[in-house]
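Heads up: the structure comes next, in structure tokens.
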Amino acid sequence: MDMVNGKTLYGMCAKGDIAKYVLLSGNPWRVDVLAKNLEDPRHIAFSREYNTYTGTYKGVEVTVSSTGIGAPSAAIAMEELYECGMEVAVRMGTNLVLHDEDYGRFLVPIGAMRDESTSAQYAPVSYPAIADAELVEYLSQGVKDNGFEVVNGIVATKDGFYTNCRESKFSLERGIDMFKQIDELRQYGIAAIDMETSALFTIGRLMGIKVASIALATVKENLKEFMYGDIKKANEAVLCKVALDGLVKYAKRGEGV
């Protein structure tokens, strides 16, 4: 990859800026919350939707960065962070959950339905989007160690929020049946919907790096119930800690920690 003045094109990161272990947040401002958990955080850059810090957490060097919304921008983040030294990537964020009983739980999926188009630019659609099994195990244990319930299942990654997740004026005018789509996903045993995971799993496996995802179920179908305001902020702060704990548990797995 060609760099501009030694930095990546969009994220503005250079080799040496990025740790081996990376947490990826869709929301760039959630990265600021993540960074508050780090010791001696160094702000690398905030360029477009990519906000990046590197610091240490419980003795492990960690980079926290953002992907923005959707698979195309997440793929750019993967490419540029990989160029700068990333070896382990964990997507942390929120999900639209398809089963009401899972609302408020943490999801650490084992795989994802590739119902977005970006990953098809990297591999044929028959190529599976699978999380790293060992990383899934440690992230799940990190959830349990913090006293929360974890769901290990399959998520579906979609391209269109207002065509696949939430009704809009335009989707109703076009006669798009959001509930029919969601019912079909339930028939496949899908636990939740997001907009990045399958692309991250596919690209990461092709790169030869370890990738997994941890998300808090903050939204029910068509936003019939969702976390917002101070409640959402408080839960996302917990998500940041749980994700960091799980990642560090994986990083220290050979040390009896």
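Quick caveat: nothing in here was measured; it's all calculated off a predicted structure. Counting begins at 1 with the first residue of the sequence.
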Can you list the residues that meet the side-chain hydrogen bond (donor to acceptor under 3.5 Å, both in side chains) rule with T157, with sequence neighbours excluded? D194, S198
Mind checking what makes side-chain hydrogen bond (donor to acceptor under 3.5 Å, both in side chains) contact with R42, not counting sequence neighbours? D17
Working to the nearest 0.5 Å, report the span between [atom1] of [X] and [atom2] of [Y].
{"X": "F46", "Y": "T52", "atom1": "CZ", "atom2": "OG1", "result": "9.0 Å"}
{"X": "S73", "Y": "M195", "atom1": "OG", "atom2": "CE", "result": "9.0 Å"}
{"X": "L216", "Y": "M227", "atom1": "CG", "atom2": "CE", "result": "5.0 Å"}
{"X": "K7", "Y": "M12", "atom1": "NZ", "atom2": "CE", "result": "6.0 Å"}
{"X": "L185", "Y": "I154", "atom1": "CG", "atom2": "CD1", "result": "11.5 Å"}
{"X": "D183", "Y": "E221", "atom1": "CG", "atom2": "CD", "result": "7.0 Å"}

Nearest heavy-atom neighbours spanning [X] and [Y]:
{"X": "R30", "Y": "C240", "result": "CG-SG, 4.1 Å"}
{"X": "P109", "Y": "A131", "result": "O-CB, 3.5 Å"}
{"X": "I182", "Y": "L98", "result": "CG2-CD2, 3.7 Å"}
{"X": "S171", "Y": "M178", "result": "OG-CE, 4.3 Å"}
{"X": "L38", "Y": "G55", "result": "CD1-N, 3.8 Å"}
{"X": "E116", "Y": "A71", "result": "OE1-CB, 3.9 Å"}

Side-chain touch [X]/[Y], heavy atoms, less than 4.5 angstrom:
{"X": "I193", "Y": "N164", "value": "no"}
{"X": "L247", "Y": "M92", "value": "no"}
{"X": "N37", "Y": "Y57", "value": "yes"}
{"X": "T163", "Y": "Q181", "value": "no"}
{"X": "F106", "Y": "L239", "value": "yes"}
{"X": "D245", "Y": "K58", "value": "yes"}
{"X": "V219", "Y": "T94", "value": "no"}
{"X": "F170", "Y": "I176", "value": "no"}

Can you get from [X] to [Y] by hopping between Ile, Leu, Val, Met, Phe, Trp and Tyr side chains that sit under 4.5 Å apart?
{"X": "I44", "Y": "L9", "value": "no"}
{"X": "V155", "Y": "I69", "value": "no"}
{"X": "V88", "Y": "L23", "value": "yes"}
{"X": "V31", "Y": "V248", "value": "yes"}
{"X": "V33", "Y": "I231", "value": "no"}

Stepwise, does the side-chain contact (heavy atoms from CB on, under 4.5 Å) test hold for T8 with C84? CA-CA 8 Å; T8 57; C84 294; 3.7 Å; yes
Before you tell me yes or no, could you show the steps for R91 and T67 under side-chain contact (heavy atoms from CB on, under 4.5 Å), namely the whole-Å CA-CA distance, both residues' side-chain angles and the distance that decides it to 0.1 Å? CA-CA 9 Å; R91 180 228 177 220; T67 65; over 6 Å; no
Under 3.5 Å, is there a donor-acceptor pair between the side chain of [X] and the main chain of [Y]?
{"X": "S47", "Y": "Y50", "result": "no"}
{"X": "H99", "Y": "A192", "result": "no"}
{"X": "N146", "Y": "G142", "result": "yes"}
{"X": "E167", "Y": "L172", "result": "no"}
{"X": "N95", "Y": "V97", "result": "no"}
{"X": "E196", "Y": "A74", "result": "no"}

Has K220 got its NZ or CZ under 6.0 Å from the middle of the six-membered ring of Y103, at an angle within 45 degrees of the ring axis? yes
Row check, Y250 ring normal vs R253 NZ/CZ: under 6.0 Å, within 45°: yes
The remaining residues in the hydrophobic cluster of I209, counting side-chain heavy-atom contacts under 4.5 Å among Ile, Leu, Val, Met, Phe, Trp and Tyr, are I18, V22, L24, M78, L81, Y82, M86, Y122, Y127, L200, F201, I203, L206, M207, V211
For atom CZ of R166, is the number of surrounding heavy atoms from other residues, nucleotides or ligands below 6.0 Å larger than 12? yes
Taking atom NZ as the centre, does K158 end up with more than 12 heavy-atom neighbours from other residues, nucleotides or ligands that are less than 6.0 angstrom away? yes
Residue from N152, L135, L107, I110 passing side chain to side chain contact (heavy atoms under 4.5 Å, CB included) with S140: N152
Using the side-chain contact (heavy atoms from CB on, under 4.5 Å) rule, take N51 and H43 through it: C-alpha gap first, then chi angles, then the decisive distance, then the call. CA-CA 8 Å; N51 188 15; H43 195 204; 2.8 Å; yes
Under 3.5 Å, is there a donor-acceptor pair between the N235 and T218 side chains? no
Decide whether S25 and S66 meet the rule of one side-chain donor and one side-chain acceptor closer than 3.5 Å. no
Would E184 and K180 count as a side-chain contact (heavy atoms from CB on, under 4.5 Å) here? Give the steps. CA-CA 6 Å; E184 288 175 351; K180 181 181 178 181; 3.6 Å; yes
